[in-house]
Protein chains: 2
Amino acid sequence: METITREGLIRQLKEKGLKITPQRIAIIEALVENRLLHPGTNLIHAEARKKTKNISLSTVYATLGEFSQQGLIKSLEFDRMENRYEGDLEEHINLVCRHCGKITDYHIPPSIEPKDIARRAGFLVMDARMEYYGYCRDCTMKRKDLNVARQPKKGVA
Amino acid sequence: METITREGLIRQLKEKGLKITPQRIAIIEALVENRLLHPGTNLIHAEARKKTKNISLSTVYATLGEFSQQGLIKSLEFDRMENRYEGDLEEHINLVCRHCGKITDYHIPPSIEPKDIARRAGFLVMDARMEYYGYCRDCTMKRKDLNVARQPKKGVA
DNA sequence: ATCTAAACTGGAATGATTCCGAAATGGAAA
DNA sequence: TTTCCATTTCGGAATCATTCCAGTTTAGAT
Ligand SMILES: [Mn+2]
Ligand SMILES: [Mn+2]
Ligand SMILES: [Zn+2]
Ligand SMILES: [Zn+2]
């Protein structure tokens with residue numbers, strides 16, 4: 001099981017010593033209920049508002065950031081488009097429609113032949129993006145502080 | 001061959017009826033010379049400036065955008081980090097270091113066992129990102145204007 | 001009931017990217 | 001070669017998702 005649930009998330013918050021607040025409950029419910037949509041910050045904000053009066057957007061940002069950092073959910077980051085949140089932690093391919101923005105999960109069978117898989121799902125593959133994030137050899141060597149650091153904003157080398 | 005070269009890019013511009021300007025030449029040279037770094041807009045701007053006096057940042061943005069749209073290069077888009085440009089059009093995995101931001105190419109052998117490959121390259125995989133961009137079944141159906149449209153900024157469904 | 005570190009808040013700041021109208025120019029046509 | 005105009009360039013303002021901040025509230029331990 002790798003899919004988020006209301007109770008599962010609450011339990012994890014407790015385990016990690018994070019506080020259970022009305023705002024967090026509302027956000028959790030919004031996340032779980034809309035997980036198939038890979039909801040963005042604004043949808044979560046709107047849905048959470050229906051459950052508790054006045055949740056600030058700042059809180060939604062902070063909370064989704066915290067949850068992602070803690071590994072409760074994953075954030076799918078885009079350029080000039082709000083980040084989207086993933087409630088399925090299992091490794092799979094997200095089929096992102098360039099036209100309507102819909103993101104669909106495609107769970108990969110043991111062995112892959114990526115393009116075919118997508119085609120079989122009726123998805124017209126125009127471009128692929130596969131990335132691994134982690135630490136390069138150099139950084140692994142001099143690993144002084146491999147705290148989960150955000151990617152540097154500037155500088156290329 | 002799938003790697004950009006000065007002459008190749010110039011030829012493609014001509015083929016597509018785009019004008020050859022000093023600014024574009026400078027940007028092309030900057031792209032080719034730094035292709036291994038997956039340079040960002042600012043590096044390209046800085047390098048291009050060395051070749052022709054006064055290239056505006058707007059022009060660099062416009063040019064890299066145009067080149068990407070035409071398929072001469074690919075843009076790797078990130079959240080809160082400047083986009084990076086790819087001069088190797090062959091399908092491969094980009095190993096993105098969360099620590100120093102370095103992006104390394106890893107060309108995939110016929111059949112993949114992704115994680116192992118990365119490990120063999122000395123890269124510590126912490127997270128994976130694999131995405132296909134294209135058109136979902138629904139959009140392919142009612143494909144009226146499948147022009148390369150930018151992803152909608154808002155709205156989830 | 002008390003207390004404090006954590007969480008929340010609204011508004012300001014950030015920064016990469018886009019947008020804009022005006023000026024410059026590549027290169028086709030004469 | 002000169003003319004001409006669609007394309008390109010320019011710089012400054014605008015955009016907008018996200019982050020930051022300083023003050024206030026609160027969950028939950030004691
Ligand atoms: Mn998914
Ligand atoms: Mn690459
Ligand atoms: Zn679609
Ligand atoms: Zn590194």
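So you know, we letter chains A, B, ... as the sequences are listed, proteins then strands, and number each from 1.
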Item checked: Any A/Thr59 side-chain nitrogen or oxygen under 4.0 Å from OP1 or OP2 of C/dT9 -> yes
Note to self: Show the nearest heavy-atom pair for residues B/Phe78 and B/Arg84, with the distance to one decimal.
What the structure shows: CE1-CG, 3.8 Å
Margin query: Is a donor from one side chain sitting under 3.5 angstrom from an acceptor on the other, for A/Asp105 and A/His107?
Written below: no
Item checked: Phosphate OP1/OP2 of C/dT17 contacted by B/Asn83 side-chain N/O (<4.0 Å) -> yes
Check: Which of these nucleotides, D/dT8, D/dG28, C/dT17, is closest to any side-chain atom of A/Ile20?
Finding: D/dG28
Margin query: Rounded to whole Å, please give me the gap between NZ in A/Lys16 and C1' in D/dA27.
Written below: 19 Å
Notebook entry, point to check: Atom CE of A/Met81 and atom C1' of D/dT15: how far apart are they, to the nearest Å?
Noted result: 17 Å
Check: For the side chain of B/Ser56 and the base of D/dG11, is some donor closer than 3.5 Å to an acceptor across the two?
Finding: no
Item checked: Worked verdict on B/Lys51 versus B/Glu33 for salt bridge (charged side-chain N to carboxylate O under 4.0 Å, His left out) -> CA-CA 12 Å; B/Lys51 309 187 180 279; B/Glu33 290 167 15; 3.1 Å; yes
Checklist line | N/O donor-acceptor pair, side chain B/Ser58 with base D/dG11, under 3.5 angstrom | finding: yes
Notebook entry, point to check: What's the CG-C1' distance between A/Leu18 and C/dA6, to the nearest Å?
Noted result: 9 Å
Next item on the list: Report yes if at least one side-chain N or O of B/Gln23 is closer than 4.0 Å to OP1 or OP2 of D/dC10; otherwise report no.
Entry: yes
Item checked: Short side-chain N/O contact from B/Thr41 to OP1 or OP2 of C/dT17, under 4.0 Å -> yes
Margin query: Given 3.5 Å as the limit, does a donor-acceptor pair link the side chain of A/Asn94 with the main chain of A/Val96, or not?
Written below: no
Notebook entry, point to check: Under 4.0 Å: is that the gap between some side-chain N or O of A/Arg24 and OP1 or OP2 of C/dA6?
Noted result: no
Notebook entry, point to check: With respect to the phosphate group of C/dT18, does any side-chain polar atom (N or O) of B/Tyr61 fall under 4.0 Å of OP1 or OP2?
Noted result: no
